[in-house]
Amino acid sequence: MKKLILLFLLLLSPVFANSELQDVGIAKYAVLEVLADNTPLREKPDENAKRLAHLFKNSVLFADKQNDKYYRIDLNNNNYAWINKKFVEVQAIIPEKRFDNIEKISFKEDKKKYQFNIETKTISAYEFKENNNNIDFTLFDNRYDPTEIKIDKINKNFILPNSIKNDFKIQYENDKPVFGYDILKNEKGYIVEIKKTPLINNKKPLKHKIIVVDPGHGGIEKGACAFNLEEKKLNLQISKKLKKELKKKGAKVYLTRTRDKKTDLYKRVDFAKEKQTDILLSIHQNSLPNPKDVDKKHGVGVYYYNDFSYPLAKKIQDNLLISTKFKDDKVNYASFVLTRPTAQPSVLIECGYIIRKEEAIKLADKKFQRIIAKAITKGCEEYLKETFSTMPL
Ligand SMILES: [Zn+2]
C-alpha cells in the first residue's frame, strides 16, 4: 500500500522530457537511495561535470528539484549537487529533511596517515575539498554536537566544529601539499583517512616508498594497435622496466598485472589501495578515435584528475620530454578510473602515439623503453624531493 501511495505521489509530479527544473513532488523532498558503490555525485547536471564524491551503495540523499535526467541534492546552506536518476531509487516524499546524529568519533594515527572513525546510522553524501595544503571533509546531514561527542587527542592540524551543526566537517591544515585522502565504509560508519606528509630521504627520495605501476589493458583488451604492435604488450614491457628502475632507487614496487591478462579497472584501483601505495602510475600508449587524425596529435602526455596529482604529472612530463625528445602532448586534466583515485597521487602516462610510425618504432625498442622508464623514475624522485623535503635541497 505504502508503495502505491508513493507511486501516486510521484505521478503527481510531472517529469517532462527536458532539462528544465521541476519540483520533486507536492512535498519538498524526495528521499533517494543510491543503488551501487562508486556512484558519482556531480557539481552540475551533466555527465562530464566534476565529481564531488563517489557515493557508497545505500547512501541516503535528499532531492528538492529534478530535470529529466538528474536529481538536485540539497546539501544544506544553499549548497547543491546532482545525481543521475538511473543510479538512485525514490524511497519516500517528505516535507522536511531528516538529520541523523553522529554517535561516536575516534581518532588515531600511524606512520603514514591520520584516521577518523565516524559512527553513524545512516550512510550519507560526503565531500572532500582540497586547496593547496588543506583538505576540508564534510559529511552531510549528520548532526554533530561537540558537547556530546568527546574525541581523544586530535593532531593539531585538524579543526572540528565547536558548535552543533547539521553537517560534520573536518578541516585539515598543513604546511606541505596534500599527499592523499580517502573514505572507507565499515559496518559502523566511515573511516576518513588523510595521508601524512611523506618523510623524504634527500639522496634517495624513493627509498621505502610504495609504488604501484599499472600496465594498461591486457588479455582481450588489446588497447591501441598499429604496425603489428599491441598497446597492452608495450605497456607491460615498459612497466616491467619501470619497476626495475624504481627498485634500483629503493622503492617497493607492485604491478597490477604481470602477464597478459584482462584486469578490471576498479580492481586495479583497489589493488593500489590494499598496498597502501604512495604513488600510482598507469602506463599507456596513445591513439586517436579517428585514424585519419594521425597528423593532428603526437608525442608524450601525462594525465591527472585531482589537483594534488598535478605536480607529479608535471615532473614526469618534464623528464619524459627531455629524455624521449618527443613532441609535447602536455599535462592534461582527464577523468579516468586510474586518474581519479585520491588515496595517493595518481597519474596516467601516454608514452607516445602508437599510431604514428616514427613514434611506434621507438616505443617498441627495448633501449628506448628503458629511457622512458628512467625518465618516469626521475620524475617521481624530483616530485617527492621538491614537494615534500623538509631539508634544504
Ligand atoms: Zn591505453
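Both ligands and their constituent atoms are indexed starting at 1 by order of listing.
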Heteroatom of [X] nearest to the Zn ion (ligand 1) (N, O or S, atom name):
| X | value |
| --- | --- |
| His284 | ND1 |
| Glu231 | OE2 |
| His217 | NE2 |

Point to revise | Passing option when Phe116 is tested against Tyr190, Phe158, Phe168 for ring-ring contact (aromatic ring centres under 6.0 Å, His included) | key: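 Of the listed residues Tyr190, Phe158, Phe168, the ring-ring contact (aromatic ring centres under 6.0 Å, His included) partner of Phe116 is Phe158.
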Review point. Under 6.0 Å from the six-membered ring centre of Phe179 and within 45° of its axis: does the NZ or CZ of Lys196 meet both?
Key: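 Ring-cation test returns no.
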**Study point:** N, O or S atom of Glu350 closer to the Zn ion (ligand 1) than 2.8 Å
**Key:**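 Of the N, O and S atoms in Glu350, none lies under 2.8 Å from the Zn ion (ligand 1), which means no.
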Review point. So does Lys378 have more than 12 non-hydrogen atoms from other groups sitting under 6.0 Å from NZ?
Key: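 For Lys378, atom NZ is not crowded (no more than 12 foreign heavy atoms under 6.0 Å).
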Exercise for review: Return the orientation label for the Tyr181 and Phe308 ring planes: parallel under 30°, perpendicular over 60°, tilted otherwise.
Suggested key: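 Rings of Tyr181 and Phe308: tilted, as their planes differ by 30° to 60°.
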